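Notes for the one structure printed next.
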2 protein chains.
Amino acid sequence: MGTVTKALSLLSFFNRSRSTIGLSEMARLSGLNKATVHRLLTEMQAQGFVEQTGAGREYRLGPAFLRLAALREAAVPTRDLAQAVLADLSQATGETAHVSMLHGDTLVTVAYAYSPQHGTRVTMEDAEVLTFHNTSSGLATLAFSEAGFVDEILSRPLEKRTPHTETDPGKIRATLSDVRTSGMAQNIGGFEDDVHSHAMPLFDAQSHVIGAIAVAAPTARMSRNHQALIQRELRHHALRLTRLMGGFLPDGFQREEAA
Amino acid sequence: MGTVTKALSLLSFFNRSRSTIGLSEMARLSGLNKATVHRLLTEMQAQGFVEQTGAGREYRLGPAFLRLAALREAAVPTRDLAQAVLADLSQATGETAHVSMLHGDTLVTVAYAYSPQHGTRVTMEDAEVLTFHNTSSGLATLAFSEAGFVDEILSRPLEKRTPHTETDPGKIRATLSDVRTSGMAQNIGGFEDDVHSHAMPLFDAQSHVIGAIAVAAPTARMSRNHQALIQRELRHHALRLTRLMGGFLPDGFQREEAA
DNA sequence: CGGACCGGTTCATTATTCAAACCAACGGTT
DNA sequence: AACCGTTGGTTTGAATAATGAACCGGTCCG
């Protein structure tokens, strides 16, 4: 593992529930020597990628990311585009909508929109990492990924998050096959109890899957009419977002959506 | 220069007008060997910090920054806080307001807000890098920086951006002294013709300057009454933002603002 | 006081980076 | 076609930087 890889991988130990990390803890988490970690952090600190908190001298993510994220967004406005489409989609369905993107082997939520229509709604967190086997977005993404990647994901331990989580790789593969046919994935209570979500894949210019767009609703609200509405709107907006981002549906992807 | 520093400094060559950079160009910009640059970029690419565009194989900033910026913002919500204060400030003054933060020796705009009140307004860009000698934010920041940093900045060549740009280090030092007395910096047409801006410094918990908050208006609109309004509102909101971010004014900082 | 942490530093050993030359491929000229 | 100047990417001993075990000086706790 190269030095740069080591340094950057340190950053991945920060998450929502662990926003500051001390030197020794970072050394333990990464398995690297304390001196090495110190040097890497010091170098990253000089560039603003991490900074030290006043008290305790722990490290946290630095301000450089604000700048670089803004530049990334200026160069590739996926987030803005997603946000715009999600606003329409959540408005049309009255439910929470979100877009998650594939980064390597992790699926990260990059944008979401709520509808004010109902008092109850499914809530989302920014930059949340989704699992593949128990979210509709994960299933939609996986269904259009290459076989090796699917094997890789399904060979790992699959967390049983709720009583309804499906953890049998064979059954999941059967589900993926259905998703490929219909173009849409569903998940009922597999990630959070009482949440019924629909998701469709998003594609880039080479028709490779790059993420998914989803609508999440309380199961209590999922009547047949409501489900039909969600599916219709989701099909429409998924296609729209893929096109806005300069992508193309793969050959054979079913496209029965209403104009 | 350490390896990590080299790798991270490559990222700083991306900006708004140069969002993709090829291998050879990056080697030229950084002064590093092509082989080294290639290895560094490859490592960063594996972590999602850069990615290659389909055509031309050039590199651009990667998606990892969206995630890390969201986590940074979750840990230290400076941007959100700034945005909230700016909304009020631009509303109260009817002019464009913005906050810029000091990262090492560069001053970067992190948030801004427009007022819909007038048809003409000063426009801003996200993640824009400001110079110190010809912006009110730069002068406000510099006035409360330590002497060594001021010497460093003023010893560099000072760009004469407009006919009104002051480039004489001696006169700039005199201006900084005035800014320290009044707590507020002004700049008339030194950055953009016909823009009159006011700025005040922002401080952290150790009373070190961390950036500035500013109001920028067309010179044509700057009557005595309007200027008095802007100064009053700016004083109020600058103090408010410093406090919201957990900072304290340094001893002796003048505080004659209206409650 | 003694022990167990913490963040940070030292220095001989070891691995990486450097520079320069070299490939293969592409797009224009001649 | 031949040539030219590019591009991204790769290879080579010689120079340089990274590494990790031990070490320092704190602070907290009993």
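Side chains are part of it too, since the values below use all heavy atoms of this structure and drop only hydrogens, waters and symmetry mates. We name chains A, B, ... by the order of the sequence lines, and we start the count at 1 in each one. Everything quoted here is computed from the prediction, not taken from an experiment.
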In residues 22-31 of chain B, which ones come under 4.0 Å of DNA chain D, going by heavy atoms? B:Gly22, B:Leu23, B:Ser24, B:Arg28
List the residues meeting side chain to side chain donor-acceptor pair (under 3.5 Å) with B:Thr20, not counting sequence neighbours, and say none if there are none. B:Glu58
May I ask you to decide if A:Leu32's main-chain N or O and A:Thr36's side chain share a donor-acceptor pair within less than 3.5 Å? no
Contacts of type side chain to side chain donor-acceptor pair (under 3.5 Å), residue A:Arg156, not counting sequence neighbours: A:Asp105, A:Glu152
Between atom CG in A:Leu10 and atom P in C:dG7, what is the gap in whole Å? 14 Å
Can you list every ring pair (Phe, Tyr, Trp, His ring centres under 6.0 Å) pair that touches residues 19-52 of chain B, not counting sequence neighbours? B:Phe49-B:Phe65
Send over the distance from A:Glu43 CD to D:dA17 P, rounded to a whole Å. 11 Å
Give a yes/no on whether any side-chain N or O of B:His38 is located under 4.0 angstrom from OP1 or OP2 of D:dT10. yes
Test side chain to side chain contact (heavy atoms under 4.5 Å, CB included) applied to A:Arg18 - qualifying residues, sequence neighbours left out: A:Asn15, A:Ile21, A:Glu25, A:Leu29
With A:Ser9 via side chain to side chain donor-acceptor pair (under 3.5 Å) - residues at least two apart: none
Send over the distance from B:Ile21 CD1 to D:dG8 C1', rounded to a whole Å. 15 Å
Taking only distance into account, with no hydrogens and no angle test, what donor-acceptor pairs under 3.5 Å do side-chain atoms of residues 68-77 of chain B form with protein atoms, sequence neighbours excluded?
{"from": "B:Arg72", "atom 1": "NH1", "to": "A:Glu51", "atom 2": "OE2", "distance (Å)": "2.6"}
{"from": "B:Arg72", "atom 1": "NH1", "to": "A:Leu61", "atom 2": "O", "distance (Å)": "2.7"}
{"from": "B:Glu73", "atom 1": "OE2", "to": "B:Arg79", "atom 2": "N", "distance (Å)": "3.0"}
{"from": "B:Glu73", "atom 1": "OE2", "to": "B:Asp80", "atom 2": "N", "distance (Å)": "2.8"}

Give every pair of a protein N or O atom and an N or O atom of nucleotides 19-24 of chain D that lie under 3.5 Å apart, one pair per line with the distance.
{"from": "D:dT19", "atom 1": "OP1", "to": "A:Lys6", "atom 2": "NZ", "distance (Å)": "2.7"}
{"from": "D:dT19", "atom 1": "OP2", "to": "A:Arg39", "atom 2": "NH2", "distance (Å)": "2.1"}
{"from": "D:dG20", "atom 1": "OP2", "to": "A:Thr36", "atom 2": "OG1", "distance (Å)": "3.3"}
{"from": "D:dA21", "atom 1": "N7", "to": "A:Asn33", "atom 2": "ND2", "distance (Å)": "3.4"}

May I have the distance from A:Arg57 (atom CZ) to C:dC5 (atom P), rounded to whole angstrom? 17 Å
Hey, does the side chain of A:Gln52 come within less than 4.0 Å of C:dC6's phosphate (OP1/OP2), counting only N and O? no
Listed by chain and number, what are the side chain to side chain contact (heavy atoms under 4.5 Å, CB included) partners of B:Thr242, not counting sequence neighbours? B:Leu202, B:Phe203, B:Leu249
C:dG8, OP1 or OP2 - any side-chain N/O from A:Tyr59 closer than 4.0 Å? yes
